[in-house]
Protein chains: 2
Amino acid sequence: MEIDESRPIWAQLVDEFCRRIVSGEWPSGRKLPSVRELALDLGVNPNTVQKALAEVDRRGLTSTERTSGRFVTTDAEAVSAARRAIAAETVDGFAIAVSGIGMSLAEATDLLAGRWRIAVADPAARVDPEPHREPSSRTTNAADSPAQDGRTNQ
Amino acid sequence: MEIDESRPIWAQLVDEFCRRIVSGEWPSGRKLPSVRELALDLGVNPNTVQKALAEVDRRGLTSTERTSGRFVTTDAEAVSAARRAIAAETVDGFAIAVSGIGMSLAEATDLLAGRWRIAVADPAARVDPEPHREPSSRTTNAADSPAQDGRTNQ
DNA sequence: CATACTGTATTACGACAATAATACAGTGGT
DNA sequence: ACCACTGTATTATTGTCGTAATACAGTATG
């Protein structure tokens with residue numbers, strides 16, 4: 001799994017764990033790897049994994065036996081509901097994004113069909129998102145005059 | 001424009017400004033609102049706007065006249081290239097996301113067609129992403145034993 | 001020329017994410 | 001009983017994001 005710096009790691013882990021569950025990668029009833037094992041695999045701190053798993057618990061996709069481990073829920077409906085929710089979120093976000101740059105549904109559908117195979121199969125061929133880099137050498141900088149200026153933030 | 005807490009604000013502003021340019025909302029050659037004005041409109045600190053605009057400059061979509069203001073590039077090819085890049089990123093990301101939860105291209109296309117109109121037109125009907133909330137009452141917590149444990153982070 | 005506007009530069013502070021390093025408690029196998 | 005393993009809890013440190021509050025420099029207009 002890929003982790004980037006654009007969002008809190010624990011939030012990315014929540015998404016990844018949910019994905020593994022709704023995709024069947026972690027089937028219903030299966031015992032999850034331990035907190036420490038997951039942390040090792042993912043290259044993050046166990047604290048971060050724990051935080052993410054607590055949120056997955058909260059969403060009802062996993063539960064913990066306190067000392068014997070953590071397990072995927074056996075409630076199949078909960079899993080499929082989560083899958084539908086994730087799908088809907090993803091689709092809506094995509095629709096908003098592409099319509100926001102002036103694309104039509106037909107354009108979006110065509111582009112999707114054209115890139116599907118390659119994007120899904122060949123990670124190297126993907127167009128990765130702009131990696132969230134600091135704007136060149138500049139610092140931060142901003143305002144000036146004291147009172148009537150653009151400092152109307154919260 | 002909507003700002004959430006899932007990513008640095010300045011990064012969201014970069015995306016938004018690029019979107020306005022490639023969508024034609026800010027046409028080629030047009031003078032951008034001032035840093036302070038944008039900060040006021042968006043409800044953020046001028047520093048944050050400045051940081052975002054510096055990045056948009058770096059990407060070649062805007063340039064600054066230092067004292068007279070900031071302008072959208074007149075290089076039409078740069079704009080359309082940026083639009084293509086954004087579209088490709090968005091489509092690839094979508095393809096990976098939906099295939100990651102086990103959807104086929106046909107399913108994705110159908111779902112997209114079904115949700116297109118409503119997601120684009122009616123913000124209230126959208127399925128919003130999980131709002132990145134702290135996992136209930138729990139703290140953070142994690143590991144234990146000292147040496148041979150999962151603390152193999154960087 | 002003076003004033004208002006533009007972008008740019010600094011420094012400081014509060015909040016939080018991620019890490020680090022322990023510690024505790026309960027279960028299961030030997 | 002012992003020991004390895006599980007989840008959970010605490011405390012401290014570091015870095016960065018967002019904000020705040022100024023300050024400086026150049027242009028344009030009256």
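Atoms considered below: every heavy atom in the structure, side chains included; atoms not considered: hydrogens, waters and symmetry mates. Order of the sequence lines fixes the chain letters, A, B, ..., with proteins taken first and strands second; residue numbering starts at 1 for each chain. If you're wondering where the values come from, they're calculated on a predicted model, not measured in any experiment.
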>> Just the rounded figure in Å: distance from P of D:dT6 to CZ of A:F71.
In response: 11 Å
> Do any side-chain nitrogens or oxygens of B:T64 fall under 4.0 Å of OP1 or OP2 in C:dG7?
Replying inline: no
> Does A:T48 have a side-chain nitrogen or oxygen under 4.0 Å from the phosphate oxygens OP1 or OP2 of C:dA17?
Replying inline: no
> So, is B:N45 close to the D:dA20 phosphate, meaning a side-chain N or O under 4.0 Å from OP1 or OP2?
Replying inline: yes
>> In this structure, how many angstroms lie between the P atom of D:dT27 and the NZ atom of B:K31, rounded?
In response: 15 Å
> Where is the tightest heavy-atom contact between A:T74 and A:G29, given as atom of each residue plus distance?
Replying inline: CG2-CA, 4.0 Å
> Mapping B:S68 and A:T67 onto DNA chain C by nearest heavy atom, which one lands closer to the 5' end?
Replying inline: B:S68
> Distance only, no hydrogens: is a donor on one side chain within 3.5 Å (strictly under) of an acceptor on the other, for B:D75 and B:T73?
Replying inline: no
> What is the distance from CZ of A:R36 to C1' of D:dA4, rounded to the nearest Å?
Replying inline: 11 Å
>> Checking side chain to side chain contact (heavy atoms under 4.5 Å, CB included) between A:L61 and each of A:I21, A:L53, A:V72, which is the one that passes?
In response: A:I21
> Just wondering, do A:W10 and A:V14 contact through their side chains at under 4.5 Å, heavy atoms?
Replying inline: yes
> Taking CD from B:E5 and P from C:dA17, how many angstroms apart are they, rounded to a whole number?
Replying inline: 10 Å
